[in-house]
Protein chains: 2
Amino acid sequence: MAARAGVSRATVSRVVNGEAGVREVLAVKVRRAVKELGYVPNRAARSLVTRRHDAVAVVIAEPETRVFADPFFALQLRGISKELTARDVQLLLLLTEGRDDHERVGRYLAGGHVDGALVFSLHLDDPLPGIIHGAGVPTVFGGRPGWAGSARYVDCDNRGGARQAVRHLVGLGRTRVAHITGPLDQTSAVDRLDGYRDVLPAADPDLVVEGDFTPAGGERAMRLLLDRRPDVDAVFAANDLTASGALRVLRESGRRVPRDVAVVGFDDMLPVAEQADPPLTTVRQDIEGMGRLMAAMLLRGDVHEEGADGADADAEGGACVVLPTELVRRESA
Amino acid sequence: MAARAGVSRATVSRVVNGEAGVREVLAVKVRRAVKELGYVPNRAARSLVTRRHDAVAVVIAEPETRVFADPFFALQLRGISKELTARDVQLLLLLTEGRDDHERVGRYLAGGHVDGALVFSLHLDDPLPGIIHGAGVPTVFGGRPGWAGSARYVDCDNRGGARQAVRHLVGLGRTRVAHITGPLDQTSAVDRLDGYRDVLPAADPDLVVEGDFTPAGGERAMRLLLDRRPDVDAVFAANDLTASGALRVLRESGRRVPRDVAVVGFDDMLPVAEQADPPLTTVRQDIEGMGRLMAAMLLRGDVHEEGADGADADAEGGACVVLPTELVRRESA
DNA sequence: TTGAAAGCGCTAACAG
DNA sequence: CTGTTAGCGCTTTCAA
């Protein structure tokens, strides 16, 4: 390689890594040789000396299958992938299920094989985040972690979004606004419930039923709700999947949406929200953007943009970023 | 490390890598030192000399968002992850969208940074598989690739499964059995259609409508079907998502399932099939098992089992494995 | 059975 | 600005 270009290995290295201070003549020669030889630097050798890896781990802690039914992670992953690709950083996927895996992941991360970790852990009592935190690897969490500490994370404004949803319902003149929550061992669900309470602090406790972010959970909750408060005239569902289940039950019960009962979801998961019957009014969050932001934050730099990305420019080392939400009006409310 | 155990680095290496021919006394010392120091071998240094990486790339070529609405990949990924974890092999995720990405991925794989690739590419005209094939990396495809060549792949018996479904419908006494296909630029969709035709070679062409594996596509197709053949008394939908869309339209049209129209799906995607109204009779395939098998096949070894895995033991270098399917009866047919 | 020594392919000081 | 030199941490001959 160096021979082919007629320069020293050091010079090749400088050109390949885009360092300044190489005469253009030589740089050209090197680049030509690179092309001709199809030269690709050996990452192992490089990271052996630089002590960087240009790789980050994405840890998804999910004992349940449920997650996979939800396009949520997939979208976030895609955002992460885009950002990492733009920076030529590799994405290592670590899927866990169960205790043993936690240790394994902890060991792996502590082993220093990656430059950082992006972790998703839904449940408040999950020990994994703690383990990872202890591993001493730079980490950014997806969604606000459950503890009080000072972890860096990216989340959407769950509470604010919930307020938007409920205010919209109230603005429609609805007076018996129910809320089907998510699983309350996840901060996103808790925050959305808090948002509901912000607007309706005096709501009848019977109007709040716990769901689990699935359509089946939404159905169950909606039945219970109808049972306890047949006069309910609006429902804020903790996510679109839940809303779709609720819609089904409302239809079965002979109620018209939005005339009899107005429904608002959360997420704006397109295939769900748009296909719902009627199409769902919901709170949009930029899931893919959150993914990009997580990666950018971990790697300390701005998001590599691809057009005007409204999201949020300032990813610089901030402790946490909370992305705004937006109410999307369709027909259900 | 070597010092701590009072032996040479060479000996440490031998113990760590489980090579035979080290006196047990020394081995014990080394293991103790490893534990005490929390020593983790440096993968970069190792792969620099061994020229292996203990890492495989999972390439998911998907220009569309659609994939992510389908838990299919997620499940397969999980299977892959399990198998790789059992072998202490890292999973690198490569998501692509668009031409540029294809080249990038090709270059990456050709660069020899991984020991192999597991690739998912849905569309027959996708250039990516060819590029990867040309990169000279050991590769196993998820699903039968569209070309005639000799690629290694793991798939389920789409055609046989379709036959099971259609025979079941025929066995129920249905005489006007329709088929809503998947997108016909994917082999799985084509194979399922072929299976339908195997059983019903003389079926009215009007009974076959193209869908796209989504609920929305299923709705559209079902409407068309009802329009063209209002007397249809059974539908074999190319997957569960499609079936769920069809069910909705059937309900709207006032038809009873299965009394008026029997419906069978494909995949046995639990959250979809079980939640459907009525619960879906469908063709089950072991998606997670396919993932495990892909990994096992790539790495040339049997599946690391975790209990009695009925799937298929013989992953040894075989050119391709086609997993059996099973009809699961619920209420829709 | 064990240790000494060489070197994987690269980058980072340091001279020149 | 460029080349020379010295390792990064590991495995692998080769001797002992």
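Sequence lines set the chain letters: A, B, ... in the order given, protein chains first and strands last, and positions in each chain run from 1. All heavy atoms count here, side chains included; hydrogens, waters and symmetry mates do not.
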Atom-to-atom span, CD of A/Glu19 to P of D/dG3 - whole angstrom: 14 Å
Whichever of B/Asn42 and B/Arg14 has its nearest DNA chain D nucleotide further upstream toward 5': B/Asn42
Sugar-phosphate only, base, or nothing, as touched by B/Val12 at under 4.0 Å among non-hydrogen atoms: nothing
Identified side-chain contact (heavy atoms from CB on, under 4.5 Å) counterpart of A/Val15 within the set A/Val30, A/Val34, A/Val28: A/Val30
Of the listed nucleotides C/dG3, C/dG9, D/dT2, the one nearest the side chain of B/Ser8: C/dG3
Nucleotide nearest B/Val22 (side chain, heavy atoms from C-beta), chosen from C/dT2, D/dG9, D/dT12: C/dT2
Distance test, side-chain N/O of A/Arg23 to OP1/OP2 of D/dT2, below 4.0 Å: yes
Lys/Arg-Asp/Glu bridge criterion (N-O < 4.0 Å) met for B/Glu36, B/Arg31: no
Atom-to-atom span, NE2 of A/His113 to C1' of D/dG9 - whole angstrom: 12 Å
B/Glu288 and B/Arg292: CA distance, side-chain angles, deciding distance, salt bridge (charged side-chain N to carboxylate O under 4.0 Å, His left out) verdict: CA-CA 6 Å; B/Glu288 192 174 317; B/Arg292 298 195 66 141; 5.4 Å; no
Pairwise 5' ranking along DNA chain C for B/Ala45 and A/Val16, keeping only the more 5' one: B/Ala45
Check: A/Arg51 side chain, D/dG9 base, donor-acceptor under 3.5 Å: no
Any A/Asn17 side-chain nitrogen or oxygen under 4.0 Å from OP1 or OP2 of C/dT11: yes
Atom pair distance, as rounded to whole Å: CD in A/Glu24 and P in D/dC1: 12 Å
Sugar-phosphate only, base, or nothing, as touched by A/Arg43 at under 4.0 Å among non-hydrogen atoms: nothing
Side-chain N or O of B/Thr11 closer than 4.0 Å to phosphate OP1/OP2 of C/dT2: no
A/Asp115 side chain to A/Arg52 backbone, donor-acceptor under 3.5 Å: no
B/Val49 side chain, from C-beta outward: closest of D/dT12, C/dT2, C/dA12: D/dT12
Residue met sooner reading DNA chain C from 5', once B/Ala10 and B/Leu48 are mapped to nucleotides: B/Ala10
Atom-pair distance (OH on A/Tyr39; C1' on C/dG9), nearest Å: 7 Å
Sidechain-backbone polar pair: B/His102 side chain, B/Pro129 backbone, donor-acceptor under 3.5 Å: no
